[in-house]
Novice: 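Pasting a structure here, questions to come.
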Amino acid sequence: MIRVDIETIIMASGPVPSLIVLRERSGNAGAGAPLRSLSIQTGSFEAASISCGIDSSQGGRPITHDLFIDTLGKLDAKIERVEVNHVDAPVFFARLVLAAPDAEGKTREVAIDARPSDALALAVRANAPIYVEDDVMNRAGTVSLRTDTETGEDELKQFDQFVQTLSPDDF
């Protein structure tokens with residue numbers, strides 16, 4: 001499993017899907033190896049929910065992801081991690097790994113199948129780590145253009161150049 005972080009959320013509307021970009025953490029790559037990224041297409045509402053979880057913004061009432069996190073807390077359970085564990089292009093699969101007490105009070109892990117967008121929205125709310133199966137990253141990932149030593153301005157220039165080369169067919 002490869003530990004990743006949400007690098008970017010590209011919001012879209014209409015028939016164009018939004019994009020969630022996961023980037024490998026620098027400690028995962030071998031010395032000098034380029035970092036890899038994984039782009040997952042999702043709907044605009046799902047992308048907005050992930051973004052709201054990152055920003056910790058809440059409306060007047062809890063949305064479904066907030067409700068689920070609150071419910072887990074009331075049951076003394078928590079999200080241990082999220083795993084993006086399979087790809088059948090263009091569809092990705094994920095699972096939530098929960099830590100929940102059993103009847104004897106011992107903690108046990110329970111894995112639940114989930115859409116990656118829901119799993120990511122829950123992970124950001126629970127501050128849970130996100131992992132990608134190595135096989136998924138090898139099959140669907142790309143080499144990330146970003147390095148940890150770049151300045152924010154360099155990143156923006158590279159991203160701007162990248163965006164300039166995109167066409168609707170790329171999505």
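These numbers come from the heavy atoms of this one structure, side chains and all, not from hydrogens, waters or symmetry mates.
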Novice: Are Ile79 and Val97 side-chain neighbours, meaning at least one heavy-atom pair lies under 4.5 Å?
Specialist: no
Novice: For Ala12, does its backbone N or O pair with a side-chain atom of Ser18 as donor and acceptor, under 3.5 Å?
Specialist: yes
Novice: To the nearest 0.5 Å, what is the distance between SG (Cys52) and CD1 (Ile9)?
Specialist: 9.0 Å
Novice: State which residue, out of Arg3, Arg139, Arg36, fulfils the salt bridge (charged side-chain N to carboxylate O under 4.0 Å, His left out) condition with Asp134.
Specialist: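 Result: among Arg3, Arg139, Arg36, Arg36 is the only option passing the salt bridge (charged side-chain N to carboxylate O under 4.0 Å, His left out) with Asp134.
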Novice: Does Asp5 use its side chain to pair, donor to acceptor, with the backbone of Glu7 at less than 3.5 Å?
Specialist: no
Novice: Using the rule that Ile, Leu, Val, Met, Phe, Trp and Tyr join whenever any side-chain heavy atoms are under 4.5 Å apart, tell me whether Met11 and Ile54 fall into a single cluster.
Specialist: yes
Novice: Let me see the working for Leu96 and Val82 under side-chain contact (heavy atoms from CB on, under 4.5 Å), right down to the final yes or no.
Specialist: CA-CA 5 Å; Leu96 290 172; Val82 164; 3.6 Å; yes
Novice: Report the distance from atom OH of Tyr131 to atom CD of Glu24, rounding to the nearest 0.5 Å.
Specialist: 12.5 Å
Novice: Can you list, pair by pair, the side-chain donor-acceptor contacts under 3.5 Å of residues 84-95, counting residues two or more places apart and other chains?
Specialist:
residue	atom	partner	partner atom	Å
Asn85	OD1	Ala94	N	3.4
Arg95	NE	Glu83	OE1	2.4
Arg95	NH2	Glu83	OE1	3.0

Novice: Considering only heavy atoms from C-beta outward, does the side chain of Val4 approach that of Arg23 to under 4.5 Å?
Specialist: no
Novice: Should the heavy atoms of other residues, nucleotides or ligands under 6.0 Å from CG of Asn127 be counted, would the total exceed 12?
Specialist: no
Novice: Run the side-chain contact (heavy atoms from CB on, under 4.5 Å) check on Leu72 and Leu98 step by step: do they pass?
Specialist: CA-CA 9 Å; Leu72 287 176; Leu98 307 178; 4.0 Å; yes
Novice: Which value, rounded to the nearest 0.5 Å, describes the distance between Met1 atom CE and Ile130 atom CD1?
Specialist: 12.5 Å
Novice: What is the distance from atom OG of Ser39 to atom CG of Leu22, rounded to the nearest 0.5 Å?
Specialist: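 Here the interatomic distance stands at 8.0 Å.
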Novice: Which pairs with one or both residues in residues 69-79 pass salt bridge (Lys or Arg N to Asp or Glu O under 4.0 Å), sequence neighbours excluded?
Specialist: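 Every salt bridge (Lys or Arg N to Asp or Glu O under 4.0 Å) pair that includes a residue of residues 69-79, provided the two are not neighbours, is Lys78-Glu80.
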Novice: Ile69, Val110: one ILVMFWY side-chain cluster at the under-4.5 Å cut-off?
Specialist: yes
Novice: Rounded to the nearest 0.5 Å, what separation is found between the OG1 atom of Thr42 and the CD1 atom of Ile50?
Specialist: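 Answer rounded to 0.5 Å: 6.0 Å.
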Novice: Taking only residues two or more places apart in sequence or in another chain, which ones pass side chain to side chain donor-acceptor pair (under 3.5 Å) with Glu109?
Specialist: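 Expected list: Arg81.
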Novice: For a side-chain contact (heavy atoms from CB on, under 4.5 Å) check, start with the C-alpha distance between Met137 and Ser37, then their side-chain angles and the critical distance, and finish with the verdict.
Specialist: CA-CA 8 Å; Met137 188 65 85; Ser37 295; over 6 Å; no
Novice: How far does CG of Leu120 sit from OG of Ser49, to the nearest 0.5 angstrom?
Specialist: 10.5 Å
Novice: Evaluate side-chain contact (heavy atoms from CB on, under 4.5 Å) for Ile63 paired with Leu67, printing each intermediate quantity in order.
Specialist: CA-CA 6 Å; Ile63 65 168; Leu67 176 65; over 6 Å; no
